[in-house]
2 protein chains.
Amino acid sequence: MSQLARVWGGHIMTECSSDAANNPLIRKLEGFTALSDADRITLARISAEPRQVVPGTDLVREGDAPDGVFLVMKGMAFRHKLRATGTRQIMAYLVPGDLCDLDVALLSEMDHTITAVSACEVVRLTPEMVADLLANHPQIARGLRKAQLVDEATLREWLVNIGRRSAAERLAHLFCELLLRMRAVGLASGDSYELPVTQIDLADTTGQTPVHVNRTLQELREQGLIELRSRRLKILDLPRLRALAEFRPNYLHLGDQAAA
Amino acid sequence: MSQLARVWGGHIMTECSSDAANNPLIRKLEGFTALSDADRITLARISAEPRQVVPGTDLVREGDAPDGVFLVMKGMAFRHKLRATGTRQIMAYLVPGDLCDLDVALLSEMDHTITAVSACEVVRLTPEMVADLLANHPQIARGLRKAQLVDEATLREWLVNIGRRSAAERLAHLFCELLLRMRAVGLASGDSYELPVTQIDLADTTGQTPVHVNRTLQELREQGLIELRSRRLKILDLPRLRALAEFRPNYLHLGDQAAA
DNA sequence: CGAACTTTTGATATCACTCAAGGGACGTGG
DNA sequence: CCACGTCCCTTGAGTGATATCAAAAGTTCG
């Protein structure tokens, strides 16, 4: 927010992120449901021409009329709200493969803002494209709906996190969650991944003060649990970090292709 | 949780909540979209035979395979999670007209529990019924999808509430939100409504301690903002309560039938 | 190389938690 | 209809985790 915050204009650039195995959307949906070759081709086509977006760009702003659905292909973005008093709460991270709500076009007005934290590649899907996917590609539809349920479940888990865990536990939990989500789209190497956020962002995520986040991170480092430098997080002792956070990944519904 | 927590068995009883204007589901959806007479008849039929449920009954439990969608017709329920340490976080209230996630059948396992707080009337919609509504009743589908978006937006607002507001502000915000939601289904009289929760529940909702909730409620009472007795909340000074909570109802998307 | 931002440190304040116990309400059974 | 148990609400005293305020040190980048 203190950032430059330019609005996403008519932007630049191509670059084909097609190669199916590297397409985070395809990877993610395949974690949720079986896709046909035709499905993969459809998804690859849709996500073929992302726009490059500069850090700090608002993808949509609170008060805007929603205009299609955003899909993040690279980089990281988050949803957040600003209160009148100036405090901010971050309510979700969007990592590659993530979309914002499928049916958002039903609403007349956005109730929060989505901002790119790092340089991102983003695709905008028109309401028509979304409708086509949902109507004519049942497996894709299934995957997308499931992804949305997981987004909601994640929100609930964040509520538990902020409502009922201590400062250190909150951060630990966040780090564990993001590791799994980054892994699911092939963006973690071992137990480390890009985490392009400031300590201020972490504070606004976990409902704390930047100062306290700083001290808490130091604790986690001293205990040999993590390393966090130059926008990259390395988890040094995942089992202990998970135990500390009491992290149970069931709410992410990874690898449960089952169900009716 | 300390409650008896019997599992919802094959339960009793009928009683026809049909009369369209009193059907909370119909009222709620009409706030979101225009319904035809046929739509109203469909909805009335679906919700015609609620089961009576005793306070403390778990409608679904974490770990269960989801089996259809619940619709609350009367009373109040909430979603919550228990941590291993015994602490609990309530993540949503379900008031009459509310459903749990439409697509929940896509998941193999529930990641949280839903419990009736008061005596409730509840309808279980089978996955087939839900599919039929979504496929063959476009306006109903639209209303239901919108309702789901609002549920998600509400979750985000709760995150702001817990993450960034003081004890008094949190309670004030919750009370304001519930007033609007109860009004939307015709269950508020003036500025008061049934609120069948204990102070312990309020603590688990707002991420606080019961003791502190108690003291905070006393403050709100002393300031002439509310009255809370025998499971009924009366808001004495709504403007001041709203101001205290910095309550902006935009996230509830009430009365915006607009949008593409 | 300088400006803007971020991270770190120190000192102090406070809001909310903990522990503990008393009082009230409500229901059940004798 | 009283006695008793069980929740729930209330109060008090003491503590602790996290916030606040302020400033220095480190980074990043144009």
Side-chain angles (χ1 to χ4, degrees), chain A residues 1-6 54-56 83 85-90 115 117-119 161-172 194-222 226-233 244, chain B residues 1-5 54-56 83 85-90 115 117-119 161-174 195-222 226-233 244:
Chain A
M1 121 216 132
S2 48
Q3 323 219 17
L4 27 169
R6 65 197 52 151
V54 144
R83 290 210 308 156
T85 56
T87 63
R88 184 179 68 156
Q89 177 68 44
I90 291 172
T115 302
V117 219
S118 65
N161 205 31
I162 295 193
R164 289 295 179 214
R165 281 192 260 256
S166 71
E169 291 168 345
R170 289 181 206 182
L171 288 170
E194 297 295 329
L195 184 59
V197 302
T198 66
Q199 293 184 4
I200 298 169
D201 296 329
L202 290 176
D204 288 339
T205 303
T206 55
Q208 294 172 270
T209 283
V211 173
H212 199 242
V213 165
N214 181 283
R215 300 197 225 261
T216 306
L217 285 174
Q218 290 178 48
E219 268 179 44
L220 295 179
R221 283 192 270 245
E222 274 159 27
I226 63 161
E227 230 173 79
L228 177 54
R229 284 200 327 256
S230 50
R231 309 285 116 118
R232 168 166 273 269
L233 178 77
L244 170 62
Chain B
M1 121 221 131
S2 48
Q3 324 220 18
L4 25 170
V54 142
R83 289 209 311 156
T85 55
T87 64
R88 184 179 68 154
Q89 177 68 43
I90 292 172
T115 301
V117 220
S118 64
N161 206 31
I162 295 192
R164 289 294 178 216
R165 280 191 260 256
S166 71
E169 291 168 344
R170 290 182 205 181
L171 288 170
H173 194 278
L174 177 66
L195 185 60
V197 303
T198 65
Q199 293 183 4
I200 299 170
D201 296 329
L202 290 175
D204 288 340
T205 304
T206 55
Q208 293 174 267
T209 283
V211 174
H212 200 240
V213 165
N214 182 284
R215 300 198 225 260
T216 306
L217 285 174
Q218 290 179 47
E219 267 180 45
L220 295 179
R221 284 193 269 245
E222 275 159 27
I226 63 161
E227 228 174 79
L228 177 55
R229 284 200 327 255
S230 52
R231 309 284 117 116
R232 168 167 273 268
L233 179 76
L244 170 61

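Owing to the predicted nature of the structure, the values given are computational and were not obtained by experimental measurement. By convention in this document, chain letters (A, B, ...) are assigned in the order of the sequence lines, proteins followed by strands, and residues within each chain are numbered from 1.
- Rounded to whole Å, atom C1' of D:dC8 lies 16 Å from atom CZ of B:R229.
- Distance CZ (B:R165) to P (C:dC15): 18 Å, rounded to an integer number of Å.
- Residue B:T209 places at least one side-chain N or O under 4.0 Å from the OP1 or OP2 atom of C:dT18.
- Put simply, A:N214 has no side-chain N or O that comes within less than 4.0 Å of OP1 or OP2 on C:dT7.
- Side-chain nitrogen and oxygen atoms of A:Q218 include at least one within less than 4.0 Å of the OP1 or OP2 phosphate oxygen of C:dT9.
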Please test A:L220 against A:L244 for side chain to side chain contact (heavy atoms under 4.5 Å, CB included), starting from the C-alpha separation and ending with a verdict. CA-CA 10 Å; A:L220 295 179; A:L244 170 62; 3.7 Å; yes

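- Candidate nucleotides C:dG10, D:dC9, D:dT18 were compared by shortest atom distance to the side chain of A:R215, and C:dG10 ranks first.
- Under 4.0 angstrom from either OP1 or OP2 of D:dC7 there lies no side-chain N or O belonging to B:Q199.
- Counting non-hydrogen atoms under 4.0 angstrom, B:R231 reaches the backbone sugars and phosphates but no base.
- Summarising the geometry, the separation between CG on A:L171 and P on C:dT7 is reported as 13 Å, rounded to the nearest angstrom.
- For the pair A:R232 CZ and D:dT27 P, the computed distance is 19 Å after rounding to whole Å.
- Contact annotation for A:L217: no contact, since no heavy-atom pair falls under 4.0 Å across all strands.
- If you check every strand for non-hydrogen atoms under 4.0 Å, B:T216 touches nothing.
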Treat a base pair as Watson-Crick or G-U wobble with both distances under 3.5 Å, then lay out DNA chain C in dot-bracket form, 5' to 3', with | for cross-strand pairs. |||||||||||||||||||||..|||||||

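- For A:L202 and C:dT8, the CG to P distance is 11 Å, given to the nearest whole Å.
- What separates CD of B:E219 from C1' of C:dA16 is a distance of 12 Å, to the nearest Å.
- If you measure from atom CG of B:L220 to atom P of D:dT10, you get 12 Å, rounded to the nearest angstrom.
- Distance alone, capped at 3.5 Å, is enough to place a donor-acceptor pair between the A:R164 side chain and the B:Q208 backbone.
- Side chains of A:T205 and A:V197 form no contact here, defined as non-hydrogen atoms less than 4.5 Å apart.
- When heavy atoms are screened at a 4.0 angstrom cut-off, A:R221 is found touching the sugar-phosphate backbone but no base atom.
- Ion pairing between a basic and an acidic side chain is recognised when a charged N comes within 4.0 Å of a carboxylate O; B:R229 and B:E227 show such pairing.
- Two residues, A:A167 and A:S230, neighbour DNA chain D, and the one matched to the more 5' nucleotide by heavy-atom proximity is A:A167.
- Between the A:Q89 side chain and the A:D204 main chain, a donor and an acceptor come within less than 3.5 Å of each other.
- Put simply, CD on B:E222 is 11 Å from P on D:dT10, counting in whole angstrom units.
- With rounding to the nearest 0.5 angstrom, the CZ atom of A:R88 is 4.0 Å from the CD1 atom of A:I90.
- Applying the salt bridge (Lys or Arg N to Asp or Glu O under 4.0 Å) rule to A:R232 yields the partners A:E194; only residues at least two apart in sequence or on another chain are considered.
- For the pair B:T87 (side chain) and B:R83 (backbone), a donor-acceptor distance under 3.5 Å is absent.
- Between A:I200 and A:R164, the residue anchored closer to the 5' end of DNA chain C is A:I200, taking for each the nucleotide with the nearest heavy atom.
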